[in-house]
Each structure stands twice: as C-alpha cells, then as structure tokens.
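All of these numbers come straight from a predicted model, not from anything done at the bench.
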Amino acid sequence: MSTTGASADPLAALGSLPGVPEAVESVRKAVDRVYGHRIMRRRSNEITSEAALRGARGSAALSGADWALEEVRRRTDFSGDDEARMMGAALRLTAEAGQLLSIWRQSPLRVLARLHLVAAADGGERVGRPRQEGEAVEEPLIELPLPSAAEAHGRLDGLAELIIAGGSAPALVTAAVVHGELLALRPFTSHNGLVARTAERVVLVGSGLDPKSVCAAEVGHAELGRAAYLAALDGYVSGTPEGMAAWIAHCGKAVELGARESMAVCEALQRGAA
C-alpha cells in the first residue's frame, strides 16, 4: 500500500484524495436510503439473508463461477466440480463473516486465517496460514506480479497494525484498502479473491456503515464486471494518488450497486405485502 506522503494515519490521508470524499458521501447516501426503507424496519433479517446470498453469488462470479442466482438458491450440493466448490466456498465465507466482527479490530490476521480455512475447507497443511516462500498460488484470474512471501508477510503485518490502531479514515477507504491489499499480495495459496471480498464486507459491517450487512459490495463488483475490477486493481497496485483514488471510487460504486440491489428487494417485498 502506498500513500501520498508521510502521515500518522495513512488511511485517513487516502480519504482526502481527489474524488474520494465525494465517493464516501455518495456511498453514505445510498446506504441511508436502504436503511430508511419501511421494509427494513420490519423485515431486515430477510433483506440480510438475501443480500448474503446475492453477495456470495457475485463474489464467486468474479472468481470464475458465474452462476444464475436461482441456480445458487436451488442447489444444496456444492462438492462437485471446481465451479461448484468455488460457489460453496463463497457461501461459507458469507455465513462466517458475521461471526468474526468482534475479532477483526483486535486480531485481523486471525480473521483472515480463519476466512482462508473456511474457504479452502480441505484441511491441508497450506490452509489457514499465509503462504511460504516457494509455494504456488492458485489465483488464475489475477495476473499481477506476485510479491515474495516475505514481502506479503511484512505488508500484512503493516495492514494489521493500521486496523488495530484505528483512525479517522472513512469505512469505505479502509474497506477498499483491505480488499486491494489482499488482492495485490495474494497471501494465501488459494481463494485470495474470495477472502479479500469477504474482508471488505467485514470492514463495512464492523465499521457501522452497514451494520445489518444489506449493501453487498460483491454484488456491485460483479455487476461492474471483471475487466473493470482488474483495471481498478491495477490502479491500486500502481500506488499513485490517481490509481488509489480510482480503486476506492470503484469500491464505492460497488457498495452503491449492492445498496441498489437491496432496495429492489425491499420494493419487491413491499409490493408482495400490499
């Protein structure tokens, strides 16, 4: 992660990049619209469950398992081919994320290890820990140069220190940096994309921006498309102010689209109740 100069709170410094305050405000308004819907006051658990399902579908799509929502809803066995296992991993992570909120601010590395363990689910010796030097990474959709294990470990530690220290950065900025850093580092031997997007969700929910987890950014990332996702990630990895701001704005747009999806669900439930 690069910042634009020395700062005691580098995440907060990113929040002042051109275009980022506007993205933060736009996200806040989109989230507030969902929470202000009358259905949210009576049936928020249903909205949360539906957002979880749609978020898992979106995250899996970005990792190569692009299934129709109704197929995800219908299936009960996700142990078949690679795509089915990827979808199953996304669903498990979405369910697990809510159980880890209280741990995140105290031990983010523990949470990330747990997320990888849940995603991989095979009990192998490389599961639930950062990769070691020489270990291959299975992340075919991200073709960026792979940092060494030593660099990945060091940057993970630095990221964890920033999270534990807290600060004044908007939730969107912190979530985008966590997401981007995990994709750039690919600290695990597999499932880094799924883990990164789940960690983004953990930050957005745990920060209080989206406490009921109804504005699934994964939905928006999938809707914006893989090409735009990877192009924005290139900006993050560049470390330039423009690139970092573009990545944060991209993540903000994804949250807005996730909020829009849940608004549509609210409207459908309201029509059904009328």
- Item | Contact check, side chains of Val137 and Asn192, non-hydrogen atoms, under 4.5 Å | yes
- Item | Closest approach of Ala199 to Leu115 (non-hydrogen atoms, all atoms of both residues) | N-CD1, 4.4 Å
- Backbone N/O of Ser168 and side chain of Asp9: donor-acceptor pair under 3.5 Å: yes
- Could you walk me through whether Ser79 and Arg85 pass side-chain hydrogen bond (donor to acceptor under 3.5 Å, both in side chains), step by step? CA-CA 5 Å; Ser79 62; Arg85 287 191 290 273; over 6 Å; no
- Query: Which heavy atom of His153 sits nearest a heavy atom of Pro130, and at what distance?
  - Reply: NE2-CB, 3.5 Å
- Query: Are any side-chain N or O atoms of Glu133 and backbone N or O atoms of Ala149, one a donor and one an acceptor, separated by less than 3.5 Å?
  - Reply: yes
- Query: Got a donor-acceptor contact below 3.5 angstrom from the Ser44 side chain to the Arg41 backbone?
  - Reply: no
- Message: Using every non-hydrogen atom in the two residues, find where Val237 and Ala184 come nearest and quote the distance to one decimal.
- Response: CG2-CB, 3.9 Å
- Task: Using atom types as modelled and distance alone, determine if a side-chain donor or acceptor of Arg186 lies under 3.5 Å from a backbone N or O of Leu144.
- Result: yes
- Message: Among residues at least two apart in sequence or on other chains, which ones pass salt bridge (Lys or Arg N to Asp or Glu O under 4.0 Å) with Arg129?
- Response: Glu135
- Query: Does a salt bridge link Arg92 with Glu96, judged by any charged N lying under 4.0 Å from a carboxylate O?
  - Reply: no
- What distance do Ile163 atom CD1 and Leu159 atom CG have between them, rounded to the nearest 0.5 Å? 4.0 Å
- Do Trp67 and Leu69 belong to the same hydrophobic cluster, where Ile, Leu, Val, Met, Phe, Trp and Tyr are linked whenever their side-chain heavy atoms lie under 4.5 Å apart, directly or via other members? yes
- Per the side-chain contact (heavy atoms from CB on, under 4.5 Å) rule, which among Val27, Val24, Val20, Leu14 passes with Pro170? Val24
- Would Met87 and Leu53 show up in the same hydrophobic cluster when neighbours are defined by side-chain heavy atoms closer than 4.5 Å? yes
- Passes side-chain contact (heavy atoms from CB on, under 4.5 Å), Tyr229 versus Leu183? Steps please. CA-CA 11 Å; Tyr229 186 66; Leu183 289 178; 3.1 Å; yes
- Ignoring hydrogens and angles, tell me if any N or O in the side chain of Glu50 forms a donor-acceptor pair with the backbone of Val265 under 3.5 Å. no
- Message: Taking CZ in Arg38 as the centre, count heavy atoms belonging to other residues, nucleotides or ligands within less than 6.0 Å. Is the count above 12?
- Response: no
- Basic-acidic side-chain contact under 4.0 Å: Glu223, Arg54: no
- Message: If you define the side chain from C-beta out and look only at heavy atoms, does anything of Cys266 sit under 4.5 Å from Ile47?
- Response: yes
- Is the count of non-hydrogen atoms from other residues, nucleotides or ligands lying under 6.0 Å from Gln106 atom CD greater than 12? yes
- Between Arg197 (side chain) and Ser59 (backbone), is there a donor-acceptor pair under 3.5 Å? yes
- Message: Could you see if Val219 belongs to whatever hydrophobic cluster contains Val214? Use Ile, Leu, Val, Met, Phe, Trp, Tyr and a side-chain cutoff under 4.5 Å.
- Response: no
- Query: Does Ala61 offer a backbone N or O that forms a donor-acceptor pair with the side chain of Arg226 under 3.5 Å?
  - Reply: yes
- Side-chain heavy-atom pair Thr94, Thr198 within 4.5 angstrom cut-off: no
- Message: What's the separation between atom OG1 in Thr174 and atom CG in Leu162, rounded to the nearest 0.5 Å?
- Response: 9.0 Å
- Should Ser213 and Arg201 be marked as a side-chain contact (heavy atoms from CB on, under 4.5 Å) after you check the CA-CA gap, both sets of side-chain angles, and the distance that decides it? CA-CA 8 Å; Ser213 193; Arg201 174 185 285 258; 2.5 Å; yes
- Message: With heavy-atom distances below 4.5 Å as the criterion, would you say the side chains of Arg260 and Arg33 are in contact?
- Response: no
- Query: Which pair of non-hydrogen atoms, one from Ala171 and one from Leu204, has the smallest distance, and what is that distance?
  - Reply: O-CD2, 4.2 Å
- Glu46 and Arg43: CA distance, side-chain angles, deciding distance, salt bridge (Lys or Arg N to Asp or Glu O under 4.0 Å) verdict: CA-CA 6 Å; Glu46 293 175 65; Arg43 302 174 69 176; 2.7 Å; yes
- Are any non-hydrogen side-chain atoms of Cys215 and Val34 less than 4.5 angstrom apart? yes
- Rounded distance (nearest 0.5 Å) linking atom CD of Glu200 with atom CG of Leu182: 10.5 Å
- Item | Heavy-atom closest contact (Leu93 atom, Ala119 atom, distance) | CD1-CB, 3.8 Å
- Task: Please test Tyr236 against Val177 for side-chain contact (heavy atoms from CB on, under 4.5 Å), starting from the C-alpha separation and ending with a verdict.
- Result: CA-CA 8 Å; Tyr236 177 85; Val177 167; 3.9 Å; yes
- Message: If hydrophobic clusters are built from ILVMFWY residues whose side chains come within less than 4.5 Å, do Leu62 and Phe78 share one?
- Response: no
- Message: One thing to verify: whether Glu70 and Arg74 come together as a salt bridge, which I'm taking to mean a side-chain N less than 4.0 angstrom from a carboxylate O.
- Response: no
Pairs under 3.5 angstrom only: tabulate donor-acceptor contacts from the side chains of residues 244-259 to other protein residues two or more places apart or in another chain.
residue : atom : partner : partner atom : Å
Trp247  : NE1  : Ala176  : O            : 2.7
Glu256  : OE1  : Ser26   : OG           : 3.0
Glu256  : OE2  : Ser26   : OG           : 2.9

- Spacing of Glu218 atom CD and His179 atom NE2 [to the nearest 0.5 Å]: 8.5 Å
- Can you name the nearest heavy-atom pair linking Ser148 to Arg131, along with the distance? C-NH1, 3.8 Å
- Message: Show me the pairs that pass salt bridge (Lys or Arg N to Asp or Glu O under 4.0 Å) and involve residues 16-31, at least two apart or across chains.
- Response: Arg28-Asp32
- Query: So how far is it from Arg271 CZ to Ile39 CD1, rounded to the nearest 0.5 Å?
  - Reply: 10.5 Å
- Message: Strictly below 4.0 Å, N to O, side chains only: are Asp66 and Arg57 in salt-bridge contact?
- Response: yes
- Item | Any donor-acceptor N/O pair, Ser107 side chain to Ile103 backbone, under 3.5 Å | no
- Between Leu233 and Leu224, is there a shared hydrophobic cluster once you connect ILVMFWY residues whose side-chain heavy atoms come closer than 4.5 Å? no
- Item | Test side-chain contact (heavy atoms from CB on, under 4.5 Å) applied to Arg114 and Leu112, Val118, Val111, the passing residue | Val118
- Message: Can you confirm whether the side chains of His37 and Glu267 place a donor and an acceptor under 3.5 Å from each other?
- Response: yes
- Side chains of His116 and Pro187 in contact at under 4.5 Å (non-hydrogen atoms): no
- Task: Determine whether Lys212 and Tyr35 make a side-chain contact, defined as any pair of heavy atoms from C-beta on separated by less than 4.5 Å.
- Result: yes
- Message: Counting C-beta onward and ignoring hydrogens, is there a side-chain heavy-atom pair between Asp157 and Leu109 closer than 4.5 Å?
- Response: yes
- Task: Inspect the surroundings of CZ in Arg75 and state if more than 12 heavy atoms from other residues, nucleotides or ligands are less than 6.0 Å away.
- Result: yes
- When rounded to the nearest 0.5 Å, the distance separating CG of Leu91 from CE of Met86 is 12.0 Å
